[in-house]
Number of protein chains: 2
Amino acid sequence: MSYSDSASQILDIAEVRMRQAGYNAVSYRDIAAQMGIKSASLHYHFPKKEDLGVALVQRYAAAFQDRLLKDLSDGDTPRERLSTFVNLYETALLDHQLICLCAVLGAEAQGLPRRVSREVQIFFTQNIEWLTSVFDEMSVSNPDRAAKTALSLLEGSMIISAVNADNSVFKAAADLILSRGFYRND
Amino acid sequence: MSYSDSASQILDIAEVRMRQAGYNAVSYRDIAAQMGIKSASLHYHFPKKEDLGVALVQRYAAAFQDRLLKDLSDGDTPRERLSTFVNLYETALLDHQLICLCAVLGAEAQGLPRRVSREVQIFFTQNIEWLTSVFDEMSVSNPDRAAKTALSLLEGSMIISAVNADNSVFKAAADLILSRGFYRND
DNA sequence: GTCTATAATTTGATAGAC
DNA sequence: GTCTATCAAATTATAGAC
């Protein structure tokens, strides 16, 4: 999926706002104002808000995958790949002070158009699958469990860190995921 | 803080909707419709929506503390107290299919009135402090770190479990928190 | 405490010209 | 692709009667 310059700019503005304040806080009027155009023009690119929401999550998930592949190197150990994964979340929080889009939308999923919440579900599922395969290579006794807890740690700690303005919460989560104790057998 | 019957009912309805779809998805009109009264009447109890939001989080946090104290027994070991804490979250998710109110509001905190987001912050901070004291009694090497990761696990896994309609994510998080490996030294 | 009436604003959305 | 013009609906909120 590729977008025009205008469509990309719409998605850029919408993404920032949505990651700060949620789906319902994003309005065509505000986006258009930031772009210096009229809100009616946005409907040319995304006829319904639902279309904008779906495109946003799809682009976000694709960009996440792209970035992950670019940051990975051929000779990386499973543990290094895990670290790269965690770093993607860390960069978003520390450099851009933004929570994961899917954490925000996931929290209000029952109020979203189904097409949007389905994309969020796909993002979580793909992340869990990717993490499971990494933990599997690390010979963790229960890779699926490790993957689910690791993703929960990242998403949950982002939220608490942002609210409390305390990055130590995220760092504690990231450290735990990368610690030996995390994937050691019980 | 105590509320009249009407105020309590308003808060009840608002809480369910907010935990499903977020702050902006709650409207005076919808609440009034469910109560069989007019939306203007709600302003007698909560003049501004911000007041409703603040009252909601305060009541939620107080009810959480009350329930925790009631569920705890005098002879409980630290480990049993931890289990009781986790059970509060588990009950909300499994029995009522609701995410923690503060997880939802925390995710969109940057778009909330400051008085509301401050209450969310207080809830998180108090939970971390309570958990820290429990982990401290368990002789965990870093109780603060354990508390922050435990809360992150609970909040994050609730969101993912709800979106994916897969309670195994929450169970994996709960199991990890209560496992020996979680609070073992690295 | 609840009502009627009303206001001001915002919002998503459409039709049709350029 | 963007504009003007317009709309219907929703939303928060207030004033004043009952």
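A note on names: the letters A, B, ... follow the listed sequences, proteins ahead of strands, and every chain is numbered from 1.
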**OP:** Mind checking side-chain contact (heavy atoms from CB on, under 4.5 Å) for A:Ala109 and listing every partner two or more places apart, or none if nothing turns up?
**Re:** A:Ser117, B:Val163

Original post:
Which nucleotides of nucleotides 13-18 of chain D have their base under 4.0 Å from a protein heavy atom (B), which only their sugar-phosphate (S), and which neither (-), written as one string 5' to 3'?
Top reply: BB----

**OP:** Write out all pairs satisfying side-chain hydrogen bond (donor to acceptor under 3.5 Å, both in side chains) with one or both partners inside residues 157-171 of chain A, taking only residues at least two apart or from two chains.
**Re:** A:Asn164-B:Thr125, A:Asp166-A:Ser168, A:Ser168-B:Lys148

**OP:** Could you check how far CZ of B:Arg29 sits from P of D:dT11, rounded to whole Å?
**Re:** 5 Å

Original post:
Which value, rounded to the nearest 0.5 Å, describes the distance between B:Leu82 atom CG and B:Trp130 atom CH2?
Top reply: 6.5 Å

Subject >> Candidates D:dC3, C:dC3, C:dG1 - which lies nearest the side chain of A:Lys38 >> reply: D:dC3

Original post:
Considering only heavy atoms from C-beta outward, does the side chain of A:Leu52 approach that of A:Ile31 to under 4.5 Å?
Top reply: yes

**OP:** Flag the pair A:Gln9 / A:Asp5 as yes when at least one side-chain heavy-atom distance between them is below 4.5 Å, and no otherwise.
**Re:** no

Original post:
Measuring from B:Glu90:CD to B:Met158:CE, what's the distance to the nearest 0.5 Å?
Top reply: 9.5 Å

Pairs of donor and acceptor atoms involving the side chains of residues 36-48 of chain B, under 3.5 Å and at least two apart or interchain, shall be tabulated with distances.
residue : atom : partner : partner atom : Å
B:Ser41 : OG   : B:Lys38 : O            : 3.3
B:His43 : ND1  : B:Pro47 : O            : 2.8

Original post:
For C:dG1, does OP1 or OP2 lie under 4.0 Å from any side-chain N or O of B:Ser41?
Top reply: no

Original post:
Over how many whole Å does the gap from A:Tyr44 atom OH to C:dA15 atom P extend?
Top reply: 17 Å

Original post:
For residues 3-23 of chain B, which residues have at least one heavy atom under 4.0 Å from DNA chain C?
Top reply: B:Ser4, B:Ser6

Subject >> Sidechain-backbone polar pair: B:Glu129 side chain, B:Gln126 backbone, donor-acceptor under 3.5 Å >> reply: no

Original post:
For the pair made of CD1 in A:Ile31 and P in C:dT10, what is the distance, rounded to whole Å?
Top reply: 16 Å

**OP:** Rounded off to whole Å, could you give me the CG-to-C1' distance for the B:Leu52 and D:dT12 pair?
**Re:** 12 Å

Subject >> Separation of C:dT9 C1' from A:Asp30 CG (nearest whole Å) >> reply: 13 Å

Original post:
Atom CG of A:Asp51 to atom C1' of C:dG12: distance rounded to whole Å?
Top reply: 12 Å

Please list, one pair per line, the donor and acceptor atoms closer than 3.5 Å that link side chains of residues 59-66 of chain B to other protein atoms, with sequence neighbours excluded.
residue : atom : partner  : partner atom : Å
B:Arg59 : NH1  : B:Asp12  : OD1          : 2.9
B:Arg59 : NH2  : B:Asp12  : OD1          : 3.0
B:Arg59 : NH2  : B:Glu15  : OE1          : 3.1
B:Tyr60 : OH   : B:Leu101 : N            : 3.4

